[in-house]
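See structure below.
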There are 2 protein chains.
Amino acid sequence: MAKSKKKKDTEFSVADALRVPAGPVRVEDFDPGAAPAYPGEGKDDAPAQMAAMAPELSDLQERLYAAGRDNPDSPRLLLMLQGLDTSGKGGVIRHAVGMVDPQGIDLTAFKVPTAEERAHHYLWRIRKALPAPGMIGIFDRSHYEDVLVVRVDELVSMEEIPRRFDEINAFEAELADQGITLIKCFLNVSHEEQKERLLERLRDPEKHWKYNPGDVDVRMKWTDYMDAYSDVLTHCNTERAPWFVVPADRKWYRNWAVARLMLEHLRALDLGWPAADFDVTGEIARVDAT
Amino acid sequence: MAKSKKKKDTEFSVADALRVPAGPVRVEDFDPGAAPAYPGEGKDDAPAQMAAMAPELSDLQERLYAAGRDNPDSPRLLLMLQGLDTSGKGGVIRHAVGMVDPQGIDLTAFKVPTAEERAHHYLWRIRKALPAPGMIGIFDRSHYEDVLVVRVDELVSMEEIPRRFDEINAFEAELADQGITLIKCFLNVSHEEQKERLLERLRDPEKHWKYNPGDVDVRMKWTDYMDAYSDVLTHCNTERAPWFVVPADRKWYRNWAVARLMLEHLRALDLGWPAADFDVTGEIARVDAT
């Protein structure tokens, strides 16, 4: 018990700071401009803080990958990114996920469902995209869209939403049973900062391609989305699949925090290296003879 | 003409240095320990040389991605990595491809064909894995295995090989017609260096998972592979889809050279940013009003 407590204190600093507490919460309870558990000074030393994590992150990812090569029961990691437009899902993938060997990453961006996807249960496309053993799966959006946009745009009845919460909790418990560690991140950008970022995209011709007039339509439903996210953070925040609210007004903190969450969860897997399943001495002799 | 000549001189330094000349060649003609067109001193400044390329590589990859978003005819890049065991296909992906935003990378590792793949023409699985518009595809092995291992292990008749060369040349011309720029890299490791690397994997328990006793069996067929690769470099080296032989005995050079090949080929696409397909002033007003 003492050992496990120590591990928690020292290794889960950011996970502890960002984990959503049990019980009813509101998005507005969380400060989008905060930088909890950040060990440096601020923006200026963020590149150095990122770089400091890189070697260990790289080593642990390689252990995860090695463990998964011949073992279907080996652990998997699944980073899920949710957040409103401009909250930085893409930025996190570029800067935090980009620190890791692309061979160990299995990235899926969930768009508006295709006709085939709509013909199936909403979890069908999610199950198809689960990472293989040894891989770090990245979900850019997820099954949570089916209780967020779907709710705000009234594509299902309001009675259906609590039923889906139960279904999602059961699904995520099933994933945990399969050895998939979920890291569910809500990138929390403020109403004001979103406006700034949309204007930035409009003022810079090199960023026009990132802008979509539909983004403003969604922004006009801000309070509906806050309600929908608040319910998700309240009802789908289980012990085995907790939510993390990542303050996202400061990009340097957001990227650092998600990289750190990956690092802390990889550490917790306590991965060794697979033992040789061949005769090492014999093989050295064979190679030496060539 | 003057402009195009200048461009070639200044921008294709590594591509020019590593491109296989037309006509009959042998693998043994190329020095695995060389470092052609490397602008620095050597191993010590390689991290700085890599870092110096990163911003432009990142910018060009983003332009490629932006161009591909709504345009099925936009250019694509396809980096193909071939080479014997320990030549560093994985290392190149980790260190050179890893410099690029994972959202713009579509990586496929071709293994021993599955039953389903064997039931189809050998190009079937290749066609399925071609990158979407705007993406950089990475092939870890490729259709060349079907004229390499398949030939060495006599899985098809020797008469079939030249027929496949023609078929592959036609296929690659078809890809070029579709706007897919191929960068075909043969990572050229020496017989001696391969031995060192296999022994290193055997001596370090953290690397045992990378070792496969089958690697020695393949090593024993070294001259057969040199013949097979020499024929590939001779017969499938077309103007529109040339081969590059990347010296691979020095890992720092190998990684730098492949990153640089990507950079030079991206530059040659001369990509701008997509124009806005919405009313920019009107959208600024809409966002301002929220």
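Order of the sequence lines sets the chain letters (A, B, ...), proteins ahead of strands, with each chain counted from 1.
Heavy-atom neighbours of chain A within the stretch residues 282-290 of chain B, taken at a separation under 4.5 angstrom, comprise B:E283, B:I284, B:R286, B:V287, B:D288, B:T290. Using a 4.5 Å heavy-atom cut-off against chain A, the contacting residues of residues 76-101 of chain B are B:G90, B:I93, B:R94, B:V97, B:G98, B:D101.
Among B:P102, B:A275, B:P205, B:A276, the residue making the largest number of heavy-atom pairs under 4.5 Å with chain A is B:P102. Per-residue heavy-atom pair counts under 4.5 Å with chain B were compared for A:L198, A:I105, A:D217, A:D215, and the maximum is reached by A:D217. Comparing B:H208, B:M220, B:Q103 by how many heavy-atom pairs each has under 4.5 Å with chain A, the most go to B:Q103. Residue with the most contacts toward chain A among B:L199, B:L202, B:N212, B:D140: B:L202 (heavy-atom pairs, distance under 4.5 Å).
No part of B:R201 comes within reach of chain A, as not one of its non-hydrogen atoms sits under 4.5 angstrom from that chain. Of the two parts of A:K210, the backbone and the side chain both hold a non-hydrogen atom closer than 4.5 Å to a non-hydrogen atom of chain B. For B:E192, no part sits under 4.5 Å from any heavy atom of chain A, backbone or side chain. There is no contact between B:T281 and chain A, counting heavy-atom distances below 4.5 Å.
Distance CD/B:E206 to CG/A:D59: 6.5 Å, rounded to 0.5 Å.
Put simply, the side chain of B:W273 does not reach to within 4.5 Å of the side chain of A:D204, judged on heavy atoms.
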